[in-house]
Amino acid sequence: MVKLNGKKKIKISVFISGRGSNLKSLIKFSKRKNSNVEIVLVVSDNKKAKGLLISKKNGIKCLLVNYKNKERAEKKILINLKKNNIDLICLAGFMKVLSKNFIKPYINKILNIHPSLLPKYKGLNTHKKVLNNNEKFTGCTVHVVNSKLDSGKIILQKKIKIMKKDNERTLSLKVLKQENLIYPMALKKFIDFNF
Ligand code: GRF
């Protein structure tokens, strides 16, 4: 952590694989006056991730990692996290599952956002599953990452009512809008309790 105006700034790395809307909202949050977080490094496993353009536009370092060999990829990421003195990792649409060995040095220091009301609908295609099951509500969750998929301690959730006319596309847009709002809120809450 670097000290700024006498206050410690928490160094964050955001992991992405695609669009980067959550990355954008986290960057916006980090640039707020009196913010105590700094996004130092963006990690992507996908060279075509649109989020990479967002990080470049904001002058944030990017690390592109080839995941053909997962062990090697994770080693490379860990080295770069250490080099950049990263305190906290935010997964934001990162499509790779982190190994136990990777999580170990960052236990309770990795957050993730998931487009469902966890513990319901872990994994992929959440909106489709939710609609198929005629759920009345859905939402999004920010949680701590542990070695089980989408299973760590929940930090914050936002519930959304599903309308009759909703389809996968409308639902994913509605949920994403809420994701972008709650991720910075959850990050703040987590930091206030843990740092
Ligand atoms: C979000 O829906 C997030 O919940 C999921 O992947 C999507 C990423 O969106 N894990 P974006 O890249 O942040 O726009």
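Just so you know, residue 1 is the first one in the sequence shown, and it goes up from there. Every number for a ligand or one of its atoms is a count from 1 in the order of the listing.
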For atom 3 (C) of ligand 1, what's the nearest protein heavy atom and its distance?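 Scanning the protein heavy atoms, the shortest distance from atom 3 (C) of ligand 1 goes to E179 OE1, 3.1 Å.
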
Looking at atom 10 (N) of ligand 1, what's its closest protein heavy atom, distance included? I113 O, 3.2 Å

Sub-3.5 Å N/O-N/O distance, G18 and ligand 1: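 No; the residue has no nitrogen or oxygen that sits under 3.5 Å from a nitrogen or oxygen of the ligand.
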
Are I16 and ligand 1 in contact, using a heavy-atom cut-off of under 4.0 Å? no

Salt bridge between E179 and K158, side-chain N to carboxylate O under 4.0 Å? no

Do you see a donor-acceptor pair shorter than 3.5 Å between the side chains of N84 and K11?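 No, no side-chain donor-acceptor pair sits under 3.5 Å.
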
Side-chain donor-acceptor contact under 3.5 Å, N108 with N194: no

Could you tell me if E74 and S99 have a donor-acceptor pair between their side chains, going purely by distance under 3.5 Å? yes

Note the single closest protein heavy atom to atom 9 (O) of ligand 1, along with its residue, its atom name and the distance in Å.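 Scanning the protein heavy atoms, the shortest distance from atom 9 (O) of ligand 1 goes to R19 NH2, 3.0 Å.
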
Can you figure out which of S172, G51, G93, G20 has its heavy atom closest to atom 12 (O) of ligand 1?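 Nearest heavy atom to atom 12 (O) of ligand 1 lies in G20.
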
Should the heavy atoms of other residues, nucleotides or ligands under 6.0 Å from NZ of K70 be counted, would the total exceed 12?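 Yes, enclosed.
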
